[in-house]
K.L.:
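Sharing a structure, written as structure tokens. Questions coming.
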Amino acid sequence: MADKSEKTKARLPRGFADRSAEDIRAVEKMMATIRSVYELYGFEPADQPLIEYTDALGKFLPDQDRPNEGVFSFQDDDDQWLSLRYDLTAPTARFVAENYERLPKPYRSYRSGWVFRNEKPGPGRFRQFMQFDADTIGTPGVAADAEMAMMMADVMEALGIKRGDYVIRVNNRKVLDGVLEAIGLGGDDNAGRRLTVLRAIDKLDKLGPEGVRLLLGPGRWDGGKEGEGDFAKGGGLNDLQAEAVLLATARNEQAGQESSVSANAVFQEGVGELSTIESLVRAAGYAEDRIAMDRSVVRGLEYYTGPVFEAELLAEIPNEDGQIVRFGSVGGGGRYDGLVSRFRGEPVPATGFSIGVSRLMTALKNLGKLDSADVIAPVVVLVMDRDTTSLGRYQKMVSELRGAGIRSEMYLGGAGMKAQLKYADRRGCPVAIIQGGDERAKGELQIKDLIEGARMSAEITDNAEWRAARPAQVTVAESELVAEVKKILAAQAEERARGK
């Protein structure tokens with residue numbers, strides 16, 4: 001026997017999560033719904049590997065300015081650097097560039113899969129998570145962006161999120177770029193300050209205009225007062241610059257007051273594209289309660305070059321600790337005209353949307369919109385005798401049940417009857433099949449309704465009521481196995497439907 005000190009400690013790496021059967025089924029159910037909407041819009045499935053050459057990912061890393069930061073990387077046997085993908089967009093851009101001549105243009109595709117971030121993990125911040133993307137590559141006009149926003153609204157409603165509990169917010173990075181250029185933050189020398197200003201704008205919902213004003217200017221203490229919490233360094237804008245940014249990025253009710261930046265050509269181009277998108281979605285019947293133009297939407301990645309959009313849940317939802325919270329963004333995207341162009345040296349327009357699968361699944365489960373309750377645990381055939389002949393007979397029962405489309409298994413452990421029933425209870429099995437020597441001699445078997453049996457033992461105390469209840473165990477001929485199990489499962493389903 002190995003010394004206890006030699007045992008490897010079983011431990012999960014930080015920032016990663018094990019998944020239960022319930023979570024896996026819930027994700028598959030949700031993704032099937034999303035996939036059906038994507039297919040309805042004419043998008044086709046595609047997939048790329050989890051690993052790409054690091055230089056193919058380029059500098060477009062999550063809130064980082066240089067390659068190898070924020071990604072898991074390693075060298076292969078010919079010293080080439082490889083990285084686990086940090087999103088699904090960069091591999092899509094590489095694939096399109098590599099196969100550009102044979103693909104239809106526009107190229108409309110969707111994909112789902114795991115992505116990896118080599119970042120410090122925290123509450124709700126994982127280093128491995130799943131995304132579900134749709135992309136249109138090869139369409140220069142903003143009609144493709146308008147379609148993305150409409151498709152995301154349709155996804156939300158297909159998942160059972162009613163109008164008023166979500167909104168798709170749309171902005172244009174040209175609006176933001178024009179504002180920054182107009183207040184003197186254009187050019188490569190100001191790249192760092194531009195990122196600080198954009199991050200500040202992104203906190204408007206959380207901090208409000210006055211909190212953001214501090215982040216645009218001298219900086220802000222996390223606690224709101226000097227000395228409270230950590231100090232966040234500001235963008236160093238003066239009062240006039242900060243006011244121009246706040247006015248230009250205000251929600252629709254204040255839009256139009258940004259006179260100090262309105263002459264900027266990039267800003268005007270962005271405003272014009274936003275107006276076109278709004279006209280298109282309204283003409284298609286999507287009102288402002290579903291798709292709203294919102295100049296405060298930033299989106300984090302630097303590769304966005306035009307319209308950007310964000311799917312936000314507005315409903316107050318209990319989190320896993322029972323606290324009522326507002327989940328906020330569950331997906332986003334935008335136009336990334338420069339990403340495919342990196343590989344081809346010519347303009348290739350592209351736009352796409354990414355859903356954060358794990359985050360959206362958590363919100364839907366807490367809203368009661370998603371579960372795996374319709375998945376029934378298997379019927380279990382108990383093993384009373386372990387000789388080869390008996391085992392073959394039990395396996396034949398299982399085969400008959402499976403042949404009738406009934407999920408079932410033969411108990412394969414080494415325990416006795418009591419432990420086998422405990423196993424079935426722990427699995428949530430609806431029915432147990434029992435055949436010992438006495439039943440076998442008569443060509444019979446016992447079928448135990450485990451759901452009804454548990455209910456009776458918990459609720460029924462009166463003998464008359466016990467006799468009137470549905471029998472928790474019946475003895476039938478071997479030939480009646482499938483029919484009787486179907487009958488019991490149907491009765492259980494009827495009771496579930498009645499909420500029992």
K.L.:
Does the side chain of Val142 come within less than 4.5 Å of Thr351's, by heavy atoms?
P.N.:
no
K.L.:
So, taking the atom named CG in Leu198 and the one named NZ in Lys203, what distance separates them when rounded to the nearest 0.5 Å?
P.N.:
11.0 Å
K.L.:
Check whether any side-chain heavy atom of Met31 lies under 4.5 Å from a side-chain heavy atom of Met130, and answer yes or no.
P.N.:
yes
K.L.:
Could you check if a side-chain atom of Ser275 sits within less than 4.5 angstrom of a side-chain atom of Met293, using non-hydrogen atoms only?
P.N.:
no
K.L.:
Mind listing the closest non-hydrogen atom pair of Val266 and Gly178 along with its distance?
P.N.:
CG1-N, 3.9 Å
K.L.:
Write down the atom of Arg295, the atom of Leu176, and the distance for their closest heavy-atom approach.
P.N.:
O-CD2, 3.8 Å
K.L.:
With side-chain contact (heavy atoms from CB on, under 4.5 Å) as the criterion, how do Phe129 and Arg359 come out once you've worked through the C-alpha distance, each side chain's angles and the decisive distance to 0.1 Å?
P.N.:
CA-CA 9 Å; Phe129 52 95; Arg359 184 171 178 80; over 6 Å; no
K.L.:
Exactly one of Thr92, Val348, Thr89 should register a side chain to side chain contact (heavy atoms under 4.5 Å, CB included) with Val340. Which one does?
P.N.:
Val348
K.L.:
Given 3.5 Å as the limit, does a donor-acceptor pair link the side chain of Arg173 with the main chain of Val298, or not?
P.N.:
yes
K.L.:
Assess the residue pair Ile51 and Leu84 against the criterion (side-chain contact (heavy atoms from CB on, under 4.5 Å)); give the C-alpha distance rounded to whole Å, side-chain angles, the decisive distance to 0.1 Å, and a yes or no.
P.N.:
CA-CA 5 Å; Ile51 294 172; Leu84 287 173; 3.8 Å; yes
K.L.:
Decide yes or no for Leu280 and Met150: does some side-chain heavy atom of the first lie under 4.5 Å from some side-chain heavy atom of the second?
P.N.:
no
K.L.:
Looking at Ser262, is its backbone amide N or carbonyl O close enough to the side chain of Gln268 to form a donor-acceptor pair, meaning the two atoms are under 3.5 Å apart?
P.N.:
yes
K.L.:
Residues two or more places apart in sequence or in another chain: which of them pass side chain to side chain contact (heavy atoms under 4.5 Å, CB included) with Asp425?
P.N.:
none
K.L.:
Keeping the roles fixed (side chain from Ser354, backbone from Asp133), state whether a donor-acceptor pair exists under 3.5 Å.
P.N.:
no
K.L.:
Side chain to side chain contact (heavy atoms under 4.5 Å, CB included) with Asp165: which residues, sequence neighbours excluded?
P.N.:
Ile161, Lys162, Ala315
K.L.:
Any side-chain heavy-atom pair from Met148 and Met151 closer than 4.5 angstrom?
P.N.:
yes
K.L.:
Could you list the residues that satisfy side chain to side chain contact (heavy atoms under 4.5 Å, CB included) with Pro121, not counting sequence neighbours?
P.N.:
Arg14, Arg127
K.L.:
What is the distance from atom CD1 of Ile183 to atom CD of Gln241, rounded to the nearest 0.5 Å?
P.N.:
5.0 Å
K.L.:
One pair to check against side-chain contact (heavy atoms from CB on, under 4.5 Å): Lys29 and Arg25. What are the steps and the verdict?
P.N.:
CA-CA 6 Å; Lys29 184 175 181 179; Arg25 289 192 177 106; over 6 Å; no
K.L.:
Who passes ring-ring contact (aromatic ring centres under 6.0 Å, His included) against Phe231, sequence neighbours left out?
P.N.:
Trp221
K.L.:
For residues 267-277, which residue pairs qualify under salt bridge (Lys or Arg N to Asp or Glu O under 4.0 Å), counting only residues two or more places apart or in two chains?
P.N.:
Lys174-Glu269, Lys174-Glu273
K.L.:
Which heavy atom of Gln48 sits nearest to which heavy atom of Arg85, and what is that distance?
P.N.:
O-NH1, 2.9 Å
K.L.:
I need the full list of ring pair (Phe, Tyr, Trp, His ring centres under 6.0 Å) pairs touching residues 156-213, with sequence neighbours left out, sorted by first then second residue.
P.N.:
none
K.L.:
Looking at residues at least two apart in the chain, or sitting in another chain, which of them share a salt bridge (charged side-chain N to carboxylate O under 4.0 Å, His left out) with Arg213?
P.N.:
Glu210, Glu243
K.L.:
Looking only at heavy atoms, which two atoms of Ala232 and Leu215 are closest? And how far apart?
P.N.:
CB-CD2, 3.8 Å
K.L.:
Taking side chain to side chain contact (heavy atoms under 4.5 Å, CB included) as the definition, give me every residue that meets it alongside Leu40, ordered by chain and number, with sequence neighbours left out.
P.N.:
none
K.L.:
Under the salt bridge (charged side-chain N to carboxylate O under 4.0 Å, His left out) rule, collect the residues that match up with Arg194, sequence neighbours excluded.
P.N.:
none
K.L.:
Return the minimal non-hydrogen interatomic distance between Asn190 and Gly184, and the atom names on each side.
P.N.:
ND2-O, 3.5 Å
K.L.:
For residues 327-338, dump all side-chain donor-acceptor pairs below 3.5 Å to protein atoms at least two apart in sequence or in another chain.
P.N.:
from   : atom 1 : to     : atom 2 : distance (Å)
Ser329 : OG     : Gly331 : O      : 3.4
Arg335 : NE     : Asp145 : OD1    : 3.4
Arg335 : NE     : Asp145 : OD2    : 3.0
Arg335 : NH1    : Thr139 : O      : 3.1
Arg335 : NH1    : Asp337 : OD1    : 3.0
Arg335 : NH2    : Thr139 : O      : 3.1
Arg335 : NH2    : Gly141 : O      : 3.1
Arg335 : NH2    : Asp145 : OD2    : 3.0
Tyr336 : OH     : Asp135 : OD2    : 2.6
Asp337 : OD1    : Ala350 : N      : 3.0

K.L.:
Where the side chain of Arg427 meets the backbone of Ala377, is there a donor-acceptor pair that is under 3.5 Å apart?
P.N.:
no
K.L.:
Is the NZ atom of Lys486 crowded by more than 12 outside heavy atoms at less than 6.0 Å?
P.N.:
no
K.L.:
Rounded to the nearest 0.5 Å, how far does CZ of Arg94 lie from CG of Asn99?
P.N.:
7.5 Å
K.L.:
Just wondering, are more than 12 heavy atoms of other shown residues or ligands nearer than 6.0 Å to CG in Asp188?
P.N.:
no
K.L.:
Is any side-chain heavy atom of Asp154 closer than 4.5 Å to one of Tyr286?
P.N.:
yes
K.L.:
Carefully, step by step, assess Arg282 and Glu278 under the rule salt bridge (Lys or Arg N to Asp or Glu O under 4.0 Å).
P.N.:
CA-CA 6 Å; Arg282 300 291 179 259; Glu278 184 167 25; 3.4 Å; yes
K.L.:
To the nearest 0.5 angstrom, please state how far the OG atom of Ser83 sits from the OH atom of Tyr53.
P.N.:
12.0 Å
K.L.:
Rounded to the nearest 0.5 Å, what separation is found between the CG atom of Asp294 and the CG atom of Leu204?
P.N.:
8.5 Å
K.L.:
Considering only residues two or more places apart or on different chains, which pairs with a residue in residues 15-40 satisfy ring pair (Phe, Tyr, Trp, His ring centres under 6.0 Å)?
P.N.:
Tyr38-Tyr110, Tyr38-Phe132
K.L.:
Taking the side chain as everything from C-beta on, heavy atoms only, tell me whether Leu159 gets closer than 4.5 Å to Lys369.
P.N.:
no
K.L.:
Apply the test side-chain contact (heavy atoms from CB on, under 4.5 Å) to residues Leu313 and Met156: give CA-CA distance (whole Å), side-chain angles for both, the deciding distance (0.1 Å), then the verdict.
P.N.:
CA-CA 9 Å; Leu313 296 187; Met156 295 296 108; 4.3 Å; yes
K.L.:
Can you tell me how far the SG atom of Cys429 sits from the CD1 atom of Ile451, to the nearest 0.5 Å?
P.N.:
8.5 Å
K.L.:
On a heavy-atom basis, which atom in Phe267 and which in Ala248 lie closest, and how many Å separate them?
P.N.:
CE1-CB, 4.2 Å
K.L.:
List in chain and number order the residues that pass ring-ring contact (aromatic ring centres under 6.0 Å, His included) with Phe353, two or more places apart in sequence or in another chain; answer none if no residue qualifies.
P.N.:
Phe309
K.L.:
Can you find a pair of side-chain heavy atoms, one from Phe95 and one from Leu103, that are under 4.5 Å apart?
P.N.:
yes
